[in-house]
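For reference, the structure is listed below as structure tokens.
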Amino acid sequence: MMLSKQQEAKIQSLIKEMTLEEKIGQMNLASVSIVGGFDVPFEELIEMVGDGRISNEEFGKIMQSAEQDFHEDEIREGKIGALMLQDPIKANKLQKIAVEESRLGIPLLIGLDVIHGFKTVYPIAIAEAGAFEPELFEKTARMAAKESRSKGVTWHFAPMIDVARDARWGRVSEGPGEDPFLVTEFAKAKVRGLQNDHTSTEHYVAACLKHYVAYGACEAGRDYNTTSMSRSLLHNTYLPPFEAAVKEGAASVMASFNDLNGIPCSVNQFTLRTMLKETFDLDGFVVSDANGIRECVNHGIASDDAEAGQQAVNAGMDMDMGTGIFSKHLKDCVKAEKVSESAMDEAVERILRVKMWLGLFDNPYVSEETMHRYDVLPKENIELALEAAKKSIVLLKNENEILPLKKETKISLVGTLADNPEEVIGAWAMSWNIEDCVSVKQGLEHAGANFTYYPCGGPEGGLNEAEIQDAIREGDVIVAVVGELVSMTGEAASKADISLPGEQRKLLERLLASGKPVVAVLMNGRPLALEWEQGHVPAILEGWHLGVQMGNAIASVLFGETNPSGRLASTFPKAAGQCPIYYNHPNTGRPGSKSKFTSRYLDAGFEPLYPFGYGLSYTTFSYRDLSVKEEPDRLIATVNVTNTGTVEGTETVQLYMRDVTASIVRPIKELKGFQKVTLKPGETAKVVMELAKSQMGFYDDERNYRLEDGIFQIFMGANARKGMMQEVEVTF
């Protein structure tokens, strides 16, 4: 973040003028409080909704009698520096209090979870990452920044860049998958999209990288669980996306809930201060996740809230989300010399730098014209959401070329998910309007398809046998939309069983027994265990949760107007018992094979169902003439790719590397590059990718970066399991 000398001087002047209470206020991120109308604390009320003790309808009735506390008096007294809000009129009123009625006139930073779109919701991250297209990642982030800033939101709790290798973890839906290289490219692109358009202060927001760090490695895929790993694994796999995104200019970072090797990330001096601030050189600030500091008491590393707050500041935490611990206890900690005021000065300086960089001191308000700019989604935003959705769809199976369908084909559309517009959105989308959401049924209607809809069954509830028989009788082809509800993925949605929930497999069995062609369209937020479906259903389309344009995108692919080009950003297991499963695992002394005494499962083998990078097309591609040339500072890999099918298609050529012999055990493959190429039938393209030698090393446990001479295997192909390989002896 580049500031002028005058801006830097103003920051220092404000810090010198601040009282201790005002400094603490800048370190306090509050949420709008709900007061009155019920007999239990609001936090417990939310838990009651989440675990089903009360329904959403009951919750709504209770909330009708509740009042909202926007902390006006505390803002006026300089005791709040940031707020979670998405109401532009209220945001302007609160900014006016902060700027015109508080002693120092420091504007508020207003933040919100904007994970995959604001008004124009685009595909969840695990889906969008499968487009393998950084330019797209950047464009969708820029769209979200403009939309949210029009409502007064200047700070996104995004991108979520956890490397996640366990499909049981619900939050795998929010991140870009299992591969450090792809996650890093995604992270950098999102930061650019959110932060780099400075043609107007209305066009950019502050990014917040989350969750720092190794949250995606929570033990057993159970949310909020412990994480334990070697330093080399941390440095080689989980830290690189954060380091790259910080160097890209990310304005803030959110510490994760989990402990890492016994130290909660909220109070972890090694990750926060040593790595993030001193090694990666973060220019902005660090915020806790919701309640993260208080939970250090539950972890057992702090005896009470005061000690947790003390540890957090000393470790490098700059802002507390939602607990009020800093507000209640930091003054006493400073007086007792348990926290230095200089540590707080540093935190406040970092926070003010972000506010200054956002232009909030000069432009704290949202204009009347701006705040209504996206009440009706602009055509260009809808088109971008549709493009992203189309590019995120993955064709998993297409036996006997059932797909694409002809428009005149008589289709039975089956499944409750097909006509549920709110289910296209995905986890952690908060600002959308239902009228903007296009269900699969609506998408087929827009496409002019010849279909009849039969709900039949879904992720919850039983099956309607009469509807099933009607669907079988009336349709020449059956399109079954199956998968998960949005509530079954995301935060606090870990699952031990990741097969199709409810009676959906039974539904597919009934449909397949008819002998008619069945196409399964998946709606889900995680890799599912689909071994039975892969073995029985002739055509499977991975639709994920694609956002507001999902239905139109699915229809476009079903009828061949779009040739699917999406790839999997995460490995799909055969069964949940294979989790965690990921392609770039270290080799063992007894690599998995059909032999008994090797690393495998007796009942599931050692191979996944679908590998990382996998995805089919309505055409086919062949690879030949792989060549790897060594230059002083790089390898240049070349391969010829030919479209051997009958329609134009896009292939994502993937470059992998293996360090055959090293001083520590290395992964069997590592993604090091990718390139998309669109070819007409019979057309051949020479695909050239460079691999810098500086990117061929690894960190040891002391974070020494090692480049070791030796034999390397270079792969180029269609996914992590399929490709050509050439060995080359490399000297550094």
Side-chain angles (χ1 to χ4, degrees), residues 124 126-127 166-170 172-173 221 393-399 402 412-420 422-424 426-427 439-441 453-465 467-468 471-472 478-490 493-514 516-546 550 554 558 568 570-579 581 603-604 608-610 614:
I124 57 175
I126 195 173
D166 196 326
R168 295 172 297 180
W169 189 45
V172 70
S173 69
I393 295 169
V394 185
L395 180 61
L396 298 177
K397 185 179 180 183
N398 193 21
E399 190 176 274
I402 292 175
S412 287
L413 179 66
V414 167
T416 58
L417 285 175
D419 190 28
N420 222 335
E422 64 269 25
E423 292 297 329
V424 307
S439 69
V440 174
K441 176 176 176 286
Y453 173 57
Y454 306 92
C456 294
E460 294 181 318
L463 301 180
N464 187 314
E465 292 292 344
E467 289 181 349
I468 291 173
I472 290 171
I478 301 169
V479 175
V481 182
V482 294
E484 302 174 299
L485 297 172
V486 168
S487 61
M488 294 175 177
T489 63
S494 297
K495 294 184 69 178
D497 181 359
I498 56 170
S499 59
L500 281 177
E503 297 188 72
Q504 292 179 106
R505 182 171 292 175
K506 187 182 293 185
L507 171 62
L508 291 174
E509 288 176 344
R510 297 274 203 283
L511 299 174
L512 289 165
S514 69
K516 292 186 176 181
V518 175
V519 178
V521 175
L522 299 170
M523 290 178 63
N524 48 300
R526 57 159 55 83
L528 295 172
L530 300 169
E531 186 175 25
W532 183 91
E533 288 76 11
Q534 170 64 19
H536 293 84
V537 182
I540 306 174
L541 206 61
E542 176 54 270
W544 303 109
H545 294 131
L546 295 175
M550 177 163 188
I554 292 293
L558 284 175
L568 296 180
S570 287
T571 301
F572 274 47
K574 295 176 182 174
Q578 287 185 306
C579 295
I581 186 169
D603 54 350
L609 183 63
Y610 306 119
Y614 175 84

What verdict does the side-chain contact (heavy atoms from CB on, under 4.5 Å) test give for T489 and H545, after you've listed the backbone C-alpha separation in whole Å, the side-chain angles of each residue and the deciding distance to 0.1 Å? CA-CA 10 Å; T489 63; H545 294 131; 4.2 Å; yes
Answer yes or no: is there a side-chain heavy-atom contact under 4.5 Å between R505 and S499? yes
Is L396 close to L522 at the side-chain level, that is, under 4.5 Å between some pair of heavy atoms? yes
V424 to S439 - nearest heavy-atom pair and separation: CG1-CA, 4.1 Å
Looking at CG of L485 and CE of M523, how far apart are the two atoms once the value is rounded to the nearest 0.5 Å? 9.0 Å
Do P459 and E484 touch side chain to side chain, with heavy atoms closer than 4.5 Å? no
Evaluate the side-chain proximity of C456 to L511: yes if any heavy-atom separation is below 4.5 Å, no if none is. no
Closest contact, heavy atoms only, A575 versus A529: CA-CB, 3.8 Å
Between V537 and K397, is a side-chain contact (heavy atoms from CB on, under 4.5 Å) present by the stated rule, with each step listed? CA-CA 8 Å; V537 182; K397 185 179 180 183; 5.8 Å; no
Name the residue from V481, V521, V482 that meets the side chain to side chain contact (heavy atoms under 4.5 Å, CB included) definition with L417. V481
Does E531 offer a backbone N or O that forms a donor-acceptor pair with the side chain of K574 under 3.5 Å? no
Any heavy-atom pair between the side chains of L541 and N398 that's under 4.5 Å? no
Quick test of your reading of the model: are E465 and R510 salt-bridged, counting only N-O distances below 4.0 Å? yes
Closest contact, heavy atoms only, W544 versus L568: CZ2-CD2, 4.0 Å
If we only count heavy atoms from C-beta on, is the L546 to I554 side-chain gap below 4.5 Å? yes
Verdict with reasoning, D166 to V172, per side-chain contact (heavy atoms from CB on, under 4.5 Å): CA-CA 8 Å; D166 196 326; V172 70; over 6 Å; no
State, yes or no, whether a side-chain contact exists between L413 and K441 at a heavy-atom distance under 4.5 Å. yes
What distance separates K506 NZ from L500 CG, expressed to the nearest 0.5 Å? 13.5 Å
Is there side-chain contact between Y610 and E542, with heavy atoms separated by less than 4.5 Å? no
When every non-hydrogen atom of G457 is compared with those of L507, the smallest separation belongs to O-CD2, 4.2 Å
Sub-3.5 Å donor-acceptor pair from the side chain of S494 to the main-chain atoms of G221, do we have one? yes
Ignoring hydrogens, what is the shortest heavy-atom contact between S570 and P527? Give both atom names and the distance. CB-CG, 3.7 Å
What verdict does the side-chain contact (heavy atoms from CB on, under 4.5 Å) test give for L609 and L530, after you've listed the backbone C-alpha separation in whole Å, the side-chain angles of each residue and the deciding distance to 0.1 Å? CA-CA 8 Å; L609 183 63; L530 300 169; 3.7 Å; yes
So which heavy atom on I124 is nearest to which on G525, and how close? CD1-CA, 3.8 Å
Between K516 and I478, is there a donor-acceptor pair closer than 3.5 Å when you use the side chain of the first and the backbone of the second? no
The reported gap from CE in M488 to NZ in K495 (rounded to nearest 0.5 angstrom) is 5.5 Å
For the atom pair CD1 (I126) and CZ (R526), what is the distance rounded to the nearest 0.5 Å? 9.5 Å
Just how far is it from atom CD of E503 to atom CD of E460, taken to the nearest 0.5 Å? 12.0 Å
CG of L508 to CD of Q504, rounded to nearest 0.5 Å, is 7.5 Å
